[in-house]
Amino acid sequence: MTGNEIFMTVLKALGTVAVVIIISEIQKRSNVVGAAIAALPLMTMLVVFNLATDPKAGAAQASLFANTTFMLFWPGLTFFILLWAGQKVGLPFWWAFGGGVGMTFVVTLAAIFGLRTLGVKID
């Protein structure tokens with residue numbers, strides 16, 4: 001990596017960290033506004049932008065990433081569903097959270113396998 005590539009990588013990392021911190025601070029003041037901002041696919045948008053502007057990746061890689069993210073967005077909803085459902089049935093927060101995280105990994109891996117079985121290209 002050249003000095004410029006390292007600088008750009010550090011700049012991108014700092015920008016990503018800044019987005020997470022800003023959303024966290026906004027949420028402390030307004031849960032609705034913080035959740036609405038977090039519900040936007042900001043991280044995906046940042047990654048797509050970074051890939052598209054990277055000379056080694058380019059627009060084709062950015063488009064492939066965006067399409068794959070769309071396919072895997074749906075199993076990612078498992079986390080939110082199980083966190084909510086676990087809380088509704090009286091599980092402590094961390095049990096519901098852990099179950100949601102664990103099952104999200106399982107469902108996502110199953111979705112990848114299922115999509116590949118159906119002939120959908122997931123790289």
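When all heavy atoms of Val47 and Phe65 are compared, the closest pair comes out as CG1-CE2, 3.4 Å. Summarising the geometry of Gly76 relative to Thr108, their closest heavy-atom pair is N-OG1, 4.4 Å, with the distance given to 0.1 Å. Nearest heavy atoms, Ala96 versus Gln87: CB-NE2, 3.9 Å.
For Asp54 (side chain) and Asn50 (main-chain N/O), no donor-acceptor pair under 3.5 Å exists by modelled atom type. Between the side chain of Ser63 and the main chain of Ala59, no donor-acceptor pair closer than 3.5 Å is present. No donor-acceptor distance shorter than 3.5 angstrom exists from the side chain of Ser30 to the backbone of Gln27, with no hydrogens or angles considered.
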Worksheet item: Going through the checks in order, is the side-chain contact (heavy atoms from CB on, under 4.5 Å) test met by Phe7 and Thr2?
Response: CA-CA 9 Å; Phe7 175 75; Thr2 67; over 6 Å; no
Worksheet item: Does the pair Glu5 and Lys56 meet the rule for a side-chain contact (heavy atoms from CB on, under 4.5 Å), with working shown?
Response: CA-CA 11 Å; Glu5 289 173 328; Lys56 293 181 181 175; 3.5 Å; yes
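Annotation: the span from Leu72 atom CG to Asn67 atom CG amounts to 11.0 Å, rounded to 0.5 Å. Note that CG of Asn31 and CD1 of Ile26 are 12.5 Å apart. Values are rounded to the nearest 0.5 Å. In this structure, CG on Leu14 lies 11.0 Å from OG1 on Thr9, to the nearest 0.5 angstrom.
Hydrophobic cluster membership differs between Phe97 and Trp95, with clusters built from Ile, Leu, Val, Met, Phe, Trp and Tyr side chains linked at under 4.5 angstrom. Taking hydrophobic clusters as Ile, Leu, Val, Met, Phe, Trp and Tyr residues chained together by side-chain heavy-atom distances below 4.5 Å, Phe113 does not share a cluster with Leu118. Cluster annotation: Val33 and Val19 are assigned to the same hydrophobic cluster (Ile/Leu/Val/Met/Phe/Trp/Tyr, side-chain heavy-atom contacts under 4.5 Å, transitive). Follow the hydrophobic side-chain contacts under 4.5 Å out from Ile23 and you reach Met45 in the same cluster. In this structure, Phe105 is a member of the same hydrophobic cluster as Leu77, with clusters built from ILVMFWY side-chain heavy atoms closer than 4.5 Å.
Between Phe80 and Thr104, the closest side-chain pair of non-hydrogen atoms is not below 4.5 Å.
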